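To keep things clear, I will list the structure first and then write my remarks on it.
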Amino acid sequence: MFRALYTAASGMIAQQYNLDNVANNLANASTAGFRGRRLQFEDLVAPGAAATQQTSFSSGLQIGLGSRTATSEVLQTQGDATSTGNPLDLMIQGQGFFQVKQPDGQIAYTRSGAFQLDQQGNVVTADGNPVQPSITIPSNAQTITIGSDGTVSVTLPGQQQSQQVGTIQLATFPNPGGLQSVGQNLLTATTASGEPVVGSPGGAEGLGTLQQGMLEQSNIDVVQEFVQMILTQRAYEANSRVVEAANGMFENLNNINR
């Protein structure tokens with residue numbers, strides 16, 4: 001009975017984490033470029049009798065001890081596209097991440113292409129993190145054109161032909177699901193994700209292409225998240241009933257011993 005209590009408690013804790021994850025996904029349903037997460041669980045087992053050289057069992061004895069959260073995977077499905085008309089808004093159609101430089105010098109990655117210009121004309125994120133490689137737009141630029149291959153061109157006064165001022169490069173990973181979220185729509189590389197592979201949009205690395213004047217919304221399916229929330233709640237209730245049942249058995253045992 002003690003084991004039943006702890007087993008059910010582990011299930012309740014696991015479902016609490018699951019509900020926390022659902023809540024975070026729903027809270028970011030309107031966050032541009034947000035990548036939802038999915039928890040994965042694993043079972044806990046107590047070792048029991050097993051076959052040896054002297055004994056033989058048709059099957060060993062193993063008693064489950066519940067479950068626990070194992071990993072939190074970043075989902076990589078494409079989000080819906082929204083037209084903004086802003087020349088600095090970019091959407092990746094396909095695989096890849098924008099590269100931005102954090103204040104500590106570390107490179108982070110994002111799917112949110114809502115870029116702006118700082119006071120020096122550098123292309124930055126809403127938090128002021130510059131895009132890598134750095135791109136500077138002249139203050140007198142009349143038009144800004146960003147091609148599907150990442151080429152950034154501007155038209156200056158008195159010139160009929162556009163002038164290239166930089167190129168946006170994307171990064172991909174052997175296992176994008178292993179990236180670590182650090183907030184501000186940013187992800188960082190980990191041992192699980194592998195080292196980044198950097199290249200031009202639409203190049204041989206299999207990276208997606210860019211669409212100017214578009215933003216990718218989050219890849220959260222609100223209906224699916226609500227279904228997951230209901231399933232999580234039911235699983236939590238089922239484990240709580242096991243706790244109640246084990247507690248009732250304890251009460252009966254105490255009454256017998258009196």
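What you see is a predicted model; the values in this text were computed from it and never measured.
Under the 4.5 Å side-chain heavy-atom criterion for ILVMFWY residues, no single connected hydrophobic cluster contains both Val227 and Val22. Placement of Ile168 and Phe97 in two distinct hydrophobic clusters is found when ILVMFWY residues are connected by side-chain heavy-atom separations under 4.5 Å, directly or transitively. Residues Ile13 and Val242 are members of separate hydrophobic clusters, defined by side-chain heavy-atom contacts under 4.5 angstrom among Ile, Leu, Val, Met, Phe, Trp and Tyr. Ile220 and Met91 are members of different hydrophobic clusters when ILVMFWY side chains are connected at heavy-atom separations under 4.5 Å. Under the 4.5 Å side-chain heavy-atom criterion for Ile, Leu, Val, Met, Phe, Trp and Tyr, Phe173 and Leu186 are members of distinct hydrophobic clusters.
Residues Asn122 and Thr136 bring a donor and an acceptor atom of their side chains to less than 3.5 Å of each other. Inspection of the Asp127 and Thr125 side chains reveals no N or O donor paired with an N or O acceptor under 3.5 Å. For the 3.5 Å distance criterion, the side chains of Gln217 and Thr82 qualify, holding a donor opposite an acceptor. Gln40 and Thr71 form a side-chain donor-acceptor contact under 3.5 Å, judged by distance and modelled atom types alone. Under 3.5 Å, the side chains of Thr143 and Thr155 contain a donor-acceptor pair of N or O atoms.
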Q: Go through the steps for Leu90 and Gln211 under the test side chain to side chain contact (heavy atoms under 4.5 Å, CB included), then give the verdict.
A: CA-CA 6 Å; Leu90 298 176; Gln211 295 185 13; over 6 Å; no
(Q) Please determine whether side chain to side chain contact (heavy atoms under 4.5 Å, CB included) holds for the pair Leu187 and Thr110, giving the CA-CA distance in whole Å, both sets of side-chain angles, and the decisive distance to 0.1 Å. (A) CA-CA 6 Å; Leu187 304 165; Thr110 181; over 6 Å; no
Q: Dump the intermediate steps for side chain to side chain contact (heavy atoms under 4.5 Å, CB included) on Val243 and Met12, then the final yes or no.
A: CA-CA 10 Å; Val243 173; Met12 295 173 71; 4.0 Å; yes
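The main-chain N or O of Gly33 is never found under 3.5 Å from a side-chain atom of Ser112 such that the two would form a donor-acceptor pair. Remark: side-chain polar atoms of Ser240 are paired, donor with acceptor, to backbone N or O of Glu237 under 3.5 angstrom. A distance-only check finds a donor-acceptor pair linking the side chain of Asn175 to the backbone of Ala192 [under 3.5 Å]. Gln212 contributes no side-chain N or O that, together with a main-chain N or O of Leu210, makes up a donor-acceptor pair within less than 3.5 Å. For the pair Ser193 (side chain) and Ala189 (backbone), a donor-acceptor distance under 3.5 Å is absent. Of the possible donor and acceptor atoms, one in the side chain of Asn219 sits under 3.5 Å from a partner among the backbone N and O of Gly36. With hydrogens and angles disregarded, no donor-acceptor distance shorter than 3.5 Å links the side chain of Asn185 to the backbone of Phe34. Under the 3.5 Å distance criterion, the side-chain polar atoms of Arg37 are matched with a main-chain donor or acceptor of Ser72.
When all heavy atoms of Gln132 and Val100 are compared, the closest pair comes out as CG-C, 4.2 Å. Contact record, Ser153 with Gln164: OG-CA, 3.9 Å, taken as the closest heavy-atom pair. Here the shortest heavy-atom pairing between Val222 and Ala29 reads CG2-CB, 4.1 Å. When every heavy atom of Asn129 is checked against every heavy atom of Gln102, the shortest pair comes out as OD1-CA, 4.0 Å. Asp149 and Thr167 make their closest contact through O-CG2, 4.3 Å (heavy atoms, listed as atom of the first residue, atom of the second, distance). Contact between Gln169 and Gln99 at its shortest, heavy atoms only, is O-NE2, 3.5 Å.
For the pair Asp20 and Leu39, the minimum side-chain heavy-atom distance is 4.5 Å or more. Gln78 places a side-chain heavy atom less than 4.5 Å from the side chain of Arg111. In this structure the side chain of Leu117 reaches within 4.5 angstrom of the side chain of Val123, judged on heavy atoms. You'll find the side chain of Thr151 stays beyond 4.5 Å of the side chain of Ile146, heavy atoms only. Between Tyr109 and Pro176 there is no side-chain heavy-atom pair separated by less than 4.5 Å. Contact annotation: the side chain of Leu156 approaches that of Gln163 to within less than 4.5 Å [non-hydrogen atoms, C-beta and beyond]. Side chains of Ser218 and Asn28 form no contact here, defined as non-hydrogen atoms less than 4.5 Å apart. Considering only heavy atoms from C-beta on, Phe98 comes within 4.5 Å of Leu170 through its side chain.
In this structure, Gln161 places its CD atom where only 12 or fewer heavy-atom neighbours from other residues, nucleotides or ligands lie under 6.0 Å away. By the 6.0 Å contact criterion, OH on Tyr236 is open, its count of non-hydrogen atoms from other residues, nucleotides or ligands being 12 or less. In this structure, Gln95 places its CD atom where only 12 or fewer heavy-atom neighbours from other residues, nucleotides or ligands lie under 6.0 Å away.
Partners of Asp221 under the side chain to side chain contact (heavy atoms under 4.5 Å, CB included) rule, at least two apart in sequence or in another chain, are Val223, Gln224.
Taking OG from Ser10 and CG from Asn239, the interatomic distance works out to 7.0 Å, rounded to the nearest 0.5 Å. Taken from CG in Leu231 to CD in Gln228, the straight-line distance is 5.5 Å, to the nearest 0.5 Å. With rounding to the nearest 0.5 angstrom, the CD atom of Gln76 is 5.5 Å from the CZ atom of Arg35. Atom CD of Gln159 and atom CG of Asn140 lie 8.5 Å apart (nearest 0.5 Å). The distance from atom CG of Leu44 to atom OH of Tyr6, rounded to the nearest 0.5 Å, is 14.5 Å. Between Leu5 atom CG and Glu244 atom CD the span is 11.5 Å, to the nearest 0.5 Å.
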